[in-house]
Each structure stands twice: as structure tokens, then as C-alpha cells.
Amino acid sequence: MSPKVFSERILEWYGIHKRDLPWRNTQNPYIIWLSEIILQQTRVSQGLPYFEKFAENYPTVQDLAQAPEEEVMRLWQGLGYYSRARNLHACAKDIFENRKSQFPKTYSELLQLKGVGSYTAAAIASFAYGEAVAVVDGNVFRVLSRVFGLTEDIASNRAKQVFEKFANDIIPKEAPAAFNQAIMEFGALQCIPKNPDCQICPLKEACFAFQKGMVENLPVKSKKVKVKERYFQYAHIICGEYCVIRQRGEGDIWQGLFDFPLQEVALMDSLSEQIKDFFRPTDNIETLNVIKDPHIYKHILTHQRIFANFVKFVVRESNKRNLEAWAKTNGYLLVGGDQMENLAKPRLILRYLNEEK
């Protein structure tokens with residue numbers, strides 16, 4: 001299939017099937033950038049409510065730049081990949097403070113922004129400014145690999161260069177934005193990873209994978225992600241309306257977010273034991289009740305699989321001052337219910353707290 005025929009058919013398909021999404025109705029680089037950062041590694045159905053919250057709370061890059069980091073992280077809460085939120089905020093500050101709130105207007109200049117890689121730079125450059133540079137994400141890998149028979153292992157370092165060069169060679173110079181949107185949408189809705197409906201595909205007559213019976217074999221991806229299992233035993237310590245929390249440190253999977261004191265144990269069986277070593281007799285903290293949650297909460301990350309259990313310690317309210325001193329000594333915080341509600345927390349903690357209600 002020639003590049004011209006491919007682009008014509010995929011643009012025709014897009015005109016019929018495209019979803020009405022808010023970032024497709026603008027050339028505002030801020031809105032496009034915001035949507036692309038939020039939607040990286042995230043389904044549209046999951047990311048759309050977050051995009052709408054951010055666009056409503058921060059309608060301009062200046063608004064986002066001047067927002068407190070805690071507030072930004074709170075709005076991002078539950079979306080995962082929290083380094084993206086920190087990069088989003090840092091990038092907004094850079095644009096506001098050093099670029100007079102103006103986004104760069106070329107692909108090469110956009111690449112200089114923090115947290116902006118080739119995919120996001122290509123999206124902004126083509127959607128906002130009409131530059132003929134191709135976006136290459138997982139959907140594009142899949143479509144190009146299947147239709148044109150590209151067998152480069154997409155887990156290899158070389159694949160990105162191969163696919164980006166191929167995509168840039170075939171992108172129609174007169175309609176780069178529409179083409180980029182079309183090929184991503186085609187991969188998201190039609191040429192899906194598992195069991196695509198090839199019989200209704202407008203490209204099937206010339207599709208390499210369909211004609212060769214290789215739809216399930218392309219794209220080639222040989223590397224397997226090594227997944228580490230971890231086991232967390234959390235202490236949910238409450239005293240009246242107050243709760244003990246801690247902020248995750250720099251370099252942590254949940255850097256800057258808030259959870260509870262915990263002990264990490266080596267084996268799953270260890271989670272069945274009661275949590276230990278939190279209070280010593282000299283701390284003068286009396287627990288009215290110790291309640292072990294029977295559930296094991298499972299949380300899946302790209303490289304980690306976390307299993308967590310929670311034990312609630314109900315501390316006598318008259319011990320609040322002692323508990324506050326203990327928390328400070330151990331690097332924790334004692335916060336009230338309203339403050340706890342407004343702090344950004346990992347999704348694992350949110351699930352537990354929702355179960356508690």
C-alpha cells in the first residue's frame with residue numbers, strides 16, 4: 001500500500017469514527033500539552049476526568065505554574081505515574097518564568113521542555129502549529145507494524161528510530177495534524193492489541209499482518225518486564241479526628257505523596273502477623289483498640305506488584321500530645337481529618353480509606 005493511499009483511507013476512517021474530545025477542538029498548545037501529558041500510558045476514559053479538572057482549575061499555563069505543588073499532586077491523585085505530575089508542574093513554571101508563558105513553536109524547541117519527549121513534542125508541534133512531524137506511540141507502533149510489516153522489536157532501542165523515520169516519511173505534509181490524530185485513533189479503536197475486527201478494517205486488502213495471518217504476532221515485542229513483588233504492613237493510627245501520616249521521600253515510587261507508617265516484610269505470609277514495634281512502653285501511648293483489616297490490597301505498577309495489609313490503632317484521645325511527640329520523633333505528622341482529605345495520597349491508600357467509610 002502506498003503512503004498516499006494509506007493516509008487517504010485512514011483519514012476517511014477518522015472522519016467517520018473520531019471521538020469528540022475537548023483537546024481536538026483547539027490549537028492552544030497549553031491545552032494540547034496538558035492532554036498529552038495526562039493521557040500518556042492512560043486510557044482516554046480514565047484520563048478525561050483528570051484533564052477536565054486540570055483545565056478547569058488551571059485554564060492557563062500561568063495558573064498551573066503558580067499553583068502549590070501539593071494542590072497539583074492532589075488533583076493528580078489516583079492517576080499514577082506521579083513523576084509526570086511533578087514534571088508537568090516544573091515545565092509550567094519554566095514556561096511562565098523563563099518563556100513569558102509562551103510555548104515553543106517548533107518540534108526541536110519543544111523537546112527542550114522538561115518532561116516533553118519526542119511523542120509529546122510531535123503532538124504539540126503538529127496539532128498546534130501544523131508542523132509535519134509524526135507522533136509515534138503504542139497505537140502507531142501497532143498500526144504501522146501490522147499494515148506495513150515492520151518487524152523491528154519495539155522493545156529494542158533501535159525500534160523508536162526505525163518507526164519514527166518511517167512515520168515521518170509517510171506523513172502527508174498538507175495534513176499532519178489530522179493524520180497524527182487519525183492513526184492514533186485508528187490504533188485505539190480499530191487496530192486494537194487483542195482480537196481486532198479485521199473484517200471491517202478499510203486497510204485489510206493491503207494489510208501485511210492480515211494477509212499473512214500475523215495480526216496477533218505484530219508488533220514484535222520480546223522483552224519481558226521484570227516485576228518485583230513487595231509486601232507492605234501499614235499502621236493506620238488514629239486519635240479522635242487525628243491521624244498519623246508520613247510523606248514519601250525523594251526517589252520513592254510515590255514521591256511527595258502521603259501514606260501511613262509501614263513495615264515492609266519479605267514474604268506474603270508475614271502480612272498475617274500483627275504489626276509490631278510501633279509503640280514502646282516509654283512512649284506512654286495507650287491503644288483502645290487494634291483492628292486488623294482482613295483484606296490484602298493488591299496494587300499493580302509497571303515494575304512492581306504491591307500487596308498491602310492495614311492494622312488500625314485507635315489511641316486514647318487523652319494521649320494526643322504524646323502521640324504528636326512520638327510522630328515528630330519518628331518523622332511522621334499528626335493531621336486532622338480536613339487536612340488529611342486535602343493531601344495527595346497513593347491510590348492504594350485511597351482504596352483502603354474508601355473501604356473504611
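Remark: side-chain polar atoms of N319 are paired, donor with acceptor, to backbone N or O of E286 under 3.5 angstrom. Here the side chain of W13 pairs no donor or acceptor atom with the backbone of H17 at under 3.5 angstrom. Side-chain atoms of R19 never come within 3.5 Å of backbone atoms of V44 as a donor-acceptor pair (strictly under, hydrogens ignored). At distances below 3.5 Å, not a single donor-acceptor pair connects side-chain atoms of D283 with backbone N or O atoms of I285. Between the side chain of S35 and the backbone N or O of I32 there is at least one donor-acceptor pair closer than 3.5 Å. Judged purely by atom type and a 3.5 angstrom limit, D153 uses its side chain to pair as donor or acceptor with the backbone of S222. Side-chain N or O atoms of E131 include one that pairs as donor or acceptor with a backbone N or O of Y107 at under 3.5 Å. When atom types are taken as modelled, the side chain of T287 and the backbone of N289 share no donor-acceptor pair closer than 3.5 angstrom. At least one donor-acceptor pair under 3.5 Å links the side chain of E216 to the backbone N or O of N195. S145 places no side-chain N or O within 3.5 Å of a backbone atom of R142 that could act as its donor or acceptor partner.
The pair E152-K221 does not count as a salt bridge, with every side-chain nitrogen at least 4.0 angstrom from each carboxylate oxygen. Here R305 pairs with E229 in a salt bridge; the nearest charged N to carboxylate O distance falls below 4.0 Å. Using a cutoff of 4.0 Å between basic side-chain nitrogens and carboxylate oxygens, E341 and R74 are scored as salt-bridged.
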Indicate every side-chain donor-acceptor pair of residues 250-259 with a distance under 3.5 Å to a residue at least two apart or in another chain.
unit_1, atom_1, unit_2, atom_2, d
D252, OD1, R248, NE, 2.9
D252, OD1, R248, NH2, 3.1
D252, OD1, W254, N, 2.8
D252, OD2, R248, NE, 3.3
D252, OD2, R248, NH2, 3.0
Q255, OE1, G251, N, 3.0
D259, OD1, R246, NE, 2.9
D259, OD2, Y234, OH, 2.8
D259, OD2, R248, NH1, 2.6

Would you list the atom pairs, donor with acceptor, under 3.5 Å between side chains in residues 324-340 and any protein atom, with sequence neighbours excluded?
unit_1, atom_1, unit_2, atom_2, d
W326, NE1, F278, O, 3.1
T329, OG1, A325, O, 2.9
N330, ND2, W326, O, 2.7

- M1/E205 under side chain to side chain contact (heavy atoms under 4.5 Å, CB included): CA gap, chis, key distance, verdict: CA-CA 9 Å; M1 179 184 298; E205 287 90 359; over 6 Å; no
- Kindly determine whether V133 and N168 satisfy side chain to side chain contact (heavy atoms under 4.5 Å, CB included), including the steps that lead there. CA-CA 6 Å; V133 56; N168 278 304; 3.9 Å; yes
- Please report the C-alpha distance between V147 and F208 in whole Å, then the side-chain angles of each, then the deciding distance to 0.1 Å, and finally whether the side chain to side chain contact (heavy atoms under 4.5 Å, CB included) criterion is met. CA-CA 5 Å; V147 174; F208 175 91; over 6 Å; no
- Message: Run the side chain to side chain donor-acceptor pair (under 3.5 Å) test on Y242 and E317 for me, step by step, so that the C-alpha distance in whole Å, both residues' side-chain angles and the decisive distance to 0.1 Å come before the verdict.
- Response: CA-CA 9 Å; Y242 291 89; E317 291 189 49; over 6 Å; no
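Atom CZ of F210 is separated from atom NZ of K204 by 5.5 Å, given to the nearest 0.5 angstrom. For the atom pair CG (N309) and CE (M268), the distance works out to 8.5 Å, reported to the nearest 0.5 Å.
A donor-acceptor pair shorter than 3.5 Å can be found between the side chains of Y81 and T302.
Side-chain contact between R24 and Q181 is present, with heavy atoms from C-beta onward closer than 4.5 Å. Residues L353 and K345 are in side-chain contact: their nearest non-hydrogen atoms beyond the backbone lie under 4.5 Å apart. For the pair F186/N139, no side-chain contact is recorded, criterion being any heavy-atom separation below 4.5 Å from C-beta on. At least one side-chain heavy atom of Y297 sits under 4.5 Å from a side-chain heavy atom of R351. Residues H303 and V227 form no side-chain contact, since every pair of their non-hydrogen atoms from C-beta on lies 4.5 Å or further apart. No side-chain heavy atom of W33 sits under 4.5 Å from any side-chain heavy atom of L113. Residues I95 and F103 have side chains in contact (heavy-atom distance under 4.5 Å, counting atoms from C-beta outward). M184 is listed as a side-chain neighbour of V135, based on a closest heavy-atom distance under 4.5 Å.
Judged as a salt bridge (charged side-chain N to carboxylate O under 4.0 Å, His left out), and not counting sequence neighbours, the contacts of E8 are K4. F51 is linked by a ring-ring contact (aromatic ring centres under 6.0 Å, His included) to W23, counting only residues two or more places apart in sequence or in another chain.
Among residue pairs with one or both ends in residues 85-96, those qualifying as side-chain hydrogen bond (donor to acceptor under 3.5 Å, both in side chains) are D94-N98, D94-R99; sequence neighbours excluded. Evaluation of the ring-ring contact (aromatic ring centres under 6.0 Å, His included) test over residues 127-177, restricted to residues two or more places apart or in two chains, returns F6-F148, F141-F163, F148-F166.
Y352 and F310 have parallel rings, their planes meeting at less than 30° on a 0 to 90° scale where 60° marks the start of perpendicular.
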